[in-house]
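It should be emphasised that the depicted structure is a prediction, and the values quoted were computed from it without experimental measurement. Note: hydrogens, waters and symmetry copies are ignored here, and every other heavy atom, side chains too, is used.
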Amino acid sequence: QVQLVESGGGLVQPGGSLRLSCAASGSFFAINLMGWYRQAPGKQRELVASITQIGTTDYADSVQGRFAISRDNVKNTVYLQMNSLKPEDTAVYSCNAQIWRSAIGSLTDYWGQGTQVTVSS
């Protein structure tokens with residue numbers, strides 16, 4: 001069984017920083033794309049940032065220049081460094097990983113449980 005476990009959410013003042021972590025555990029062959037999504041109340045889930053196995057990154061326009069995604073392929077962990085946070089960044093943040101369970105199998109999407117990020121004074 002594959003699990004993604006997130007940590008690092010919380011309450012922060014505008015302009016502050018938070019770092020989210022998401023570690024994959026269990027039995028699997030390799031991880032392809034990893035990413036962070038967020039969903040604010042009353043809004044659709046949106047992709048915040050993604051990173052490939054070799055470190056190619058992509059960001060939503062709203063977080064470009066403020067957020068940084070990274071990954072540690074040895075620890076099977078993806079990080080999201082969030083700086084200059086704004087109230088509109090408030091949402092539940094969830095990590096996603098596309099995982100090969102075996103060398104000849106297909107990719108499967110896995111999700112973390114979600115962590116609340118609240119930006120408020």
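Taking 4.5 Å as the limit, every side-chain heavy atom of L20 sits out of range of all side-chain heavy atoms of E6. Two residues are said to be in side-chain contact when any heavy atoms from C-beta on lie closer than 4.5 Å; L107 and I99 fail this criterion. The shortest distance between side-chain heavy atoms of V78 and I69 falls below 4.5 Å. Contact of the F29 side chain with the I104 side chain is not registered, since no non-hydrogen atoms from C-beta on lie closer than 4.5 Å. Here the side chains of P14 and L85 are not in contact, with every heavy-atom distance at 4.5 Å or above.
The closest donor-acceptor contact from the side chain of N96 to the backbone of Y110 lies under 3.5 Å. Looking only at distances, a side-chain donor or acceptor of N73 sits under 3.5 Å from a matching main-chain atom of Q53. Between the Q116 side chain and the G10 main chain, no donor and acceptor come within less than 3.5 Å of each other. With T77 contributing its side chain and K75 its backbone, the two residues share a donor-acceptor pair below 3.5 Å. The closest donor-acceptor contact from the side chain of Q81 to the backbone of F67 lies at 3.5 Å or more, if one exists at all. Formation of a donor-acceptor pair under 3.5 Å by the R38 side chain with backbone atoms of V48 is not found in this model. With hydrogens and angles disregarded, no donor-acceptor distance shorter than 3.5 Å links the side chain of R101 to the backbone of V2.
Considering CG of D58 and OG1 of T56, their distance stands at 10.0 Å, rounded to 0.5 Å. Taken from CH2 in W100 to CG in N32, the straight-line distance is 4.0 Å, to the nearest 0.5 Å. Atom OG of S62 sits about 8.0 Å away from atom NZ of K86, to the nearest 0.5 Å. Here the straight-line distance linking atom CE of M34 with atom CG of D72 works out to 10.0 Å at 0.5 Å rounding.
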Test log, rule side-chain contact (heavy atoms from CB on, under 4.5 Å), inputs R66 and D89: CA-CA 11 Å; R66 299 188 297 122; D89 294 318; 2.7 Å; yes

Worked verdict on L47 versus W36 for side-chain contact (heavy atoms from CB on, under 4.5 Å): CA-CA 6 Å; L47 175 65; W36 288 95; over 6 Å; no

S120/L11 under side-chain contact (heavy atoms from CB on, under 4.5 Å): CA gap, chis, key distance, verdict: CA-CA 7 Å; S120 175; L11 173 65; 4.2 Å; yes

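For Q39, the CD atom counts as densely surrounded, since its 6.0 Å shell holds more than 12 non-hydrogen atoms of other residues, nucleotides or ligands. Atom CD of Q1 has 12 or fewer heavy atoms from other residues, nucleotides or ligands within 6.0 Å.
In terms of heavy atoms, D109 sits closest to Q98 at OD1-CG, 3.3 Å. Between I31 and A97, the shortest heavy-atom distance links the atoms CG2-CB, 4.1 Å. Closest approach of A40 and A91 over heavy atoms only: N-CB, 3.8 Å. In terms of heavy atoms, R71 sits closest to I51 at NH1-O, 3.2 Å. Summarising the geometry of S21 relative to Y79, their closest heavy-atom pair is OG-CD2, 3.3 Å, with the distance given to 0.1 Å.
For the residue pair N83 / S17, a side-chain donor-acceptor distance below 3.5 Å is found, with atom types taken as modelled.
Note: W111 and Y37 meet the aromatic proximity criterion, with ring centroids under 6.0 Å apart.
Note on L33 and V63: separate hydrophobic clusters, where clusters join Ile, Leu, Val, Met, Phe, Trp and Tyr whose side-chain heavy atoms are under 4.5 Å apart, directly or indirectly. Residues L18 and L80 are members of one and the same hydrophobic cluster, defined by side-chain heavy-atom contacts under 4.5 angstrom among Ile, Leu, Val, Met, Phe, Trp and Tyr.
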